[in-house]
Number of protein chains: 2
Amino acid sequence: MSTDEKLMKGIEAMFFAYRGFTQDPDRILAQHGYGRAHHRAIHFIHRWPGTTVSNLLSILGVTKQSLNRVLRALIEDGLVESAKGTVDKRERHLTLTEAGSALEAELSEAQSARVQAAYASAGPEAVAGFELVLEAMMDRDLFGHYKRLGDDRGTDRGET
Amino acid sequence: MSTDEKLMKGIEAMFFAYRGFTQDPDRILAQHGYGRAHHRAIHFIHRWPGTTVSNLLSILGVTKQSLNRVLRALIEDGLVESAKGTVDKRERHLTLTEAGSALEAELSEAQSARVQAAYASAGPEAVAGFELVLEAMMDRDLFGHYKRLGDDRGTDRGET
DNA sequence: AGAATACGTCAGCCTTGTTGACATTCCAAG
DNA sequence: CTTGGAATGTCAACAAGGCTGACGTATTCT
């Protein structure tokens with residue numbers, strides 16, 4: 001197989017795999033009247049409880065107007081709590097409520113199940129390769145913010 | 001690292017990698033006044049010149065109204081040609097014009113460059129694993145149609 | 001005191017998806 | 001030869017979720 005064909009195959013695989021990847025959570029979200037944007041917010045708030053709006057903006061790479069629309073819905077529906085910062089009172093620290101955590105768990109379970117199944121069928125060595133390639137393919141801007149957030153968590157607050 | 005952490009890492013990697021994956025083509029498309037939907041149509045028409053609208057619908061998994069809007073723009077702009085079928089005159093066979101092929105090449109080059117770079121930095125064994133995992137993760141519905149199309153091409157019309 | 005930051009919000013626009021309805025053309029079965 | 005259904009196109013309306021631009025408020029930094 002030529003290099004071009006190999007690349008083409010990889011490109012199409014990414015397309016179809018991403019469809020599969022989002023399929024199950026999308027179904028659950030639709031039942032709750034939400035979309036992928038809500039999923040992303042919920043995911044990262046779960047991942048770093050107490051994170052601020054601007055952290056989320058950096059990670060997601062969207063405008064504050066776009067994120068705000070999503071957050072407002074989640075807060076109004078009682079899935080996310082927004083607390084004024086104690087150190088810097090301009091900041092809003094976001095956490096999931098119990099209801100929010102419940103939805104997060106439901107979404108995460110559905111998505112993990114498919115990833116887990118793919119991992120199991122491909123084998124651990126394939127998974128290692130998978131992660132290597134994905135890391136090399138990442139959007140460096142967004143991931144930079146993400147990593148920085150992770151580092152902060154490691155040094156400033158310790159692991160949970 | 002726990003299984004849950006491994007899965008979470010994979011899930012976030014997919015998110016950030018897909019962003020990277022679409023970034024370069026998105027920029028080019030924006031310059032031409034198009035979006036990702038146009039890219040997908042152009043890609044698959046390039047991949048199987050002469051394919052029909054309903055084939056495209058099956059592969060892309062969108063409604064005909066949605067696809068039609070995109071196709072109409074591409075046809076009006078002279079990037080895609082729609083030819084009434086000779087065997088079944090209801091069908092429209094879609095092909096790229098020269099201008100369409102040029103844009104396809106530009107998009108493909110940009111996207112391939114990043115994939116190629118990721119492949120090179122991760123190494124051939126990682127790439128093999130990457131493809132294995134992606135295949136296991138794919139949306140079976142869409143990919144089923146895709147594969148069937150490929151088979152048809154192999155048996156009914158021969159390779160180009 | 002004044003500049004900069006974090007956040008929220010209003011208004012309007014675009015792309016891309018959806019449903020529903022309807023017309024045309026054509027194939028195939030009765 | 002009629003008729004049902006498939007393939008296509010099109011109109012209208014709507015929603016999610018991006019975007020820009022502008023503005024306001026609270027707070028912090030210089």
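We name chains A, B, ... by the order of the sequence lines, and we start the count at 1 in each one.
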Interatomic distance, [X] [atom1] vs [N] [atom2] [rounded to whole Å]:
{"X": "Ile42(B)", "N": "dT16(C)", "atom1": "CD1", "atom2": "P", "result": "11 Å"}
{"X": "Leu57(A)", "N": "dG17(D)", "atom1": "CG", "atom2": "P", "result": "16 Å"}
{"X": "Lys89(A)", "N": "dG8(C)", "atom1": "NZ", "atom2": "P", "result": "17 Å"}
{"X": "Leu67(A)", "N": "dC19(D)", "atom1": "CG", "atom2": "C1'", "result": "14 Å"}
{"X": "Lys84(B)", "N": "dT25(C)", "atom1": "NZ", "atom2": "C1'", "result": "7 Å"}
{"X": "Leu71(A)", "N": "dC7(C)", "atom1": "CG", "atom2": "C1'", "result": "11 Å"}
{"X": "Leu60(B)", "N": "dT18(C)", "atom1": "CG", "atom2": "P", "result": "11 Å"}

Checklist line | Check: Phe15(A) ring centroid to Phe44(B) ring centroid under 6.0 Å | finding: yes
Note to self: Checking contacts here: which listed nucleotide (dT28(D), dG17(C), dC19(D)) is nearest the side-chain heavy atoms of Thr63(A)?
What the structure shows: dC19(D)
All N/O contacts under 3.5 Å from nucleotides 9-11 of chain C to the protein, with atom names and distances to one decimal?
| unit_1 | atom_1 | unit_2 | atom_2 | d |
| --- | --- | --- | --- | --- |
| dT9(C) | OP2 | Asn68(A) | OD1 | 3.1 |

Note to self: Looking at Gln65(A), I'd like to know if its CD atom is crowded, meaning that more than 12 non-hydrogen atoms belonging to other residues, nucleotides or ligands lie closer than 6.0 Å.
What the structure shows: yes
Margin query: Using a 3.5 Å distance criterion without hydrogens, assess whether the side chain of Thr52(B) forms a donor-acceptor pair with backbone atoms of Glu91(B).
Written below: no
Check: Could one point to a donor on the side chain of Arg69(B) or the base of dG9(D) with an acceptor on the other under 3.5 Å away?
Finding: no
Check: Do the side chains of Leu79(A) and His38(A) get nearer than 4.5 Å, heavy atoms only?
Finding: no
Margin query: Among residues at least two apart in sequence or on other chains, which ones pass ring pair (Phe, Tyr, Trp, His ring centres under 6.0 Å) with Phe143(B)?
Written below: Phe16(A), Tyr146(B)
Item checked: By side chain to side chain donor-acceptor pair (under 3.5 Å) - contacts of Glu135(B) (at least two apart) -> none
Do any N or O atoms of the protein come closer than 3.5 Å to N or O atoms of nucleotides 4-6 of chain C, and which pairs are they?
| unit_1 | atom_1 | unit_2 | atom_2 | d |
| --- | --- | --- | --- | --- |
| dT5(C) | O2 | Arg90(A) | NH1 | 2.6 |

Check: Side chains of Asp77(A) and Tyr34(A): donor-acceptor distance under 3.5 Å anywhere?
Finding: yes
Next item on the list: Taking atom types as modelled, find out whether Ser2(B) and Glu5(B) have a side-chain donor-acceptor pair closer than 3.5 angstrom.
Entry: yes
Note to self: Holding to salt bridge (charged side-chain N to carboxylate O under 4.0 Å, His left out), I want the full list of residues that pass it with Arg92(B), two or more places apart in sequence or in another chain.
What the structure shows: none
Note to self: Can you list, in residue-number order, the parts of residues 22-40 of chain A that come under 4.0 Å of DNA chain D, counting heavy atoms only?
What the structure shows: Gly35(A), Arg36(A), Ala37(A), His38(A), Arg40(A)
